[in-house]
Amino acid sequence: MTNLMSNFRRATAVMLVTAGVAGIGTPSQATSRSTETRFAAGAAGSGDPYFPNAGNGGYDVLHYGLDLRYTPPSDPSVLAGKLSAAATITLRAEEELEALNFDLRGLAVTAVRVDGKDTGWTQTQDDANRVWEVTISPKPKLKAGREATIQIEYGGNTGRPVDTTGALYGWVTTADGAIVVNEPDGAATWYPVNDDPEDKATYTFAVTVPEGKTAVANGLPDGRPQTKDGWTTWSWEASDPMASYLSTAGIGNFALSYDEGPGGLPIINAIDADVAGQALTQTSASLALQPQMVAFLEDRFGRYPFEAFGATVDDDSVDYALETQTRPVYSGAASEGTVVHELGHQWFGNAVSPADWQDIWLNEGWATYIEWLWAEHRGTATAARQFTDAVTLLDANNRWALNIADPGRDNLFAGQVYLRGAAALYALRAKVGDDAFLEGAREWLDRFDGSSATTEHFQAVMEEASGQELGAFFNDWLREGDRPAMP
Ligand SMILES: [Zn+2]
C-alpha cells in the first residue's frame with residue numbers, strides 16, 4: 001500500500017510544459033519513443049535483505065552538501081523541533097535514468113532543481129510499509145556516466161523517530177537540541193539520501209542554530225562559526241568517504257575541547273555543559289586516553305583511517321553510543337571500554353563497512369574484540385579471560401542458537417552479535433596464529449578501505465593470509481546452532 005499525501009506532492013510548471021511537448025502527435029514522436037525504451041527509473045531500494053526499501057538504484061552519490069537550519073524545542077517538555085533545509089547532492093548516473101529516488105522520512109520537499117533547473121517530483125510517506133521516497137524526474141533525462149547536481153529544499157517538524165525495534169535513532173529531538181545517530185536506516189529522518197552503506201560519499205555541513213547553541217558534525221571545522229541576527233552557522237567538512245549511517249550533526253549546549261593524536265591527528269571533543277559529577281569525571285578520563293588508544297590500534301591495524309577523531313557527549317540519552325565517523329556520539333557519559341570500542345569501529349565498520357546489514361558481526365565482533373585487547377593492554381583482564389567469560393554467557397539460555405552471519409533484521413544489535421563475533425575472532429587468531437591473523441586483518445583493511453564488504457570476503461582474505469581452508473571454522477563459529485569446539 002502506498003499513501004501519496006497530497007501536501008507532499010507537487011508538479012511544477014516546468015514539468016507540465018515538458019510533458020506537453022512530449023505529447024502524442026508531435027513531430028518528435030518517433031525519436032522520443034526510441035528514447036523511452038532506453039531510459040528507465042532507478043530502483044526505489046538497494047535490495048538489502050533486511051531493509052529492502054532503504055537506498056536506491058541507478059546512481060552513485062559523490063557528495064552531500066547539507067545546509068540545515070534548526071529550531072530546538074521552545075518548551076523542553078515537548079520534544080519537537082523544526083528543520084528547514086537544503087541538500088545539494090552531486091551524483092553520477094550509473095544507468096540511463098528517466099527518474100531516480102532518494103529516501104526521506106517525515107519531512108516535506110518544497111523544491112527540486114537538477115543542475116539549477118526546476119524539476120518535478122513526487123513524495124511517498126508509507127510508515128506501515130517503511131517506504132519513504134522522493135522520486136525526481138530530471139529533464140533532460142540522465143545518461144549513464146553523467147554527473148548531475150540535485151538540489152532539494154525540504155523541512156518540517158522533528159520528533160523522536162524509532163527504528164524497527166523501537167529504539168530511538170535518526171534526528172532525535174532533545175530538550176536542548178538534537179542527538180543524531182542513524183544506524184541502520186535513520187539518515188532519511190534528516191536529509192534526502194541514498195541510504196545504502198555501499199554508496200559512500202563526502203559531506204559538507206552548514207548547520208544554523210540559535211546563537212549560543214553548538215552544532216557538531218563529522219570531520220573538521222570549515223572556518224569559524226558565523227553569527228548573524230541571533231543565529232550561528234557551524235560549518236564542518238568530512239572529506240573522507242562515509243556511509244550515510246555514520247553521518248551526524250548533533251546540536252546542544254556543547255563545550256568544545258581539543259587534543260592531538262599520533263602524527264598530529266586533530267581530536268575535537270564536544271561535551272554537553274550538563275554532563276557533570278561522576279559522569280563528567282569518567283568521560284574526561286576516558287577521552288584523555290584517546291591519543292593512546294589511537295596509537296595502540298595503529299600498532300596493530302595500521303594507520304588511523306580518517307582526518308580527525310573525537311567525541312560528542314550529550315546529557316540527553318538515546319541509551320547507546322554510536323561510532324559516527326570521526327566523532328562518535330555518547331549518551332550521558334563515555335566509559336573507557338565504550339570509547340575504545342567506538343574508536344575500533346573507525347577501522348572496522350567505518351573504513352570498511354558491511355555490504356549488507358546481515359554482515360553486522362564484522363562491525364560489532366571486531367569492536368568488542370578490540371575492547372578485549374585494550375583491557376589486556378591496560379592490565380584489567382586478559383583477552384583469554386574475556387573470551388572465557390563470553391563463552392559462559394553464550395552457553396546460558398542456548399545463545400549459540402543465533403546465526404550471527406544472518407541474525408535477522410531486529411537482532412542486529414543482539415548481545416550474541418557482539419560476544420560470539422568477538423569470540424570467533426579470538427578463536428580465529430588461536431587457529432591461524434598471531435602473524436597470519438594480524439596480516440589478514442591489515443589486508444582486509446587495505447583491500448576494502450573506503451568501501452564495503454561481506455563475511456565471504458573476510459573469510460577469503462583470512463584464507464589467503466593463513467593458507468588454511470576456513471569454511472568449516474566460520475560455519476562453526478558464526479552460523480551453527482551448537483557451541484563450537486574451544487581453541
Ligand atoms: Zn559497536
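Just so you know, these numbers use all the heavy atoms, side chains as well, and skip hydrogens, waters and symmetry mates. For ligands, and for the atoms within them, numbers begin at 1 and follow the listed sequence. Because the structure is a prediction, the values reported are computed rather than measured.
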- request: Please determine if Arg130 and Asp185 form a salt bridge, counting it only when a charged side-chain N lies under 4.0 Å from a carboxylate O.
  value: yes

query: Relative to the Zn ion (ligand 1), which of the N, O or S atoms in Glu364 is the closest?
result: OE1

Lys/Arg N to Asp/Glu carboxylate O, Glu336 vs Arg378, below 4.0 Å: yes

- prompt: Is Glu323 close enough to the Zn ion (ligand 1) to have an N, O or S atom under 2.8 Å?
  reply: no

query: Is Glu133 paired with Arg105 through a side-chain N to carboxylate O contact shorter than 4.0 Å?
result: no

field: Angular separation of NE2 (His341) and NE2 (His345) seen from the Zn ion (ligand 1), to 10°
entry: 100°

- prompt: Between Asp389 and Arg385, is there a side-chain N and carboxylate O pair less than 4.0 Å apart?
  reply: yes

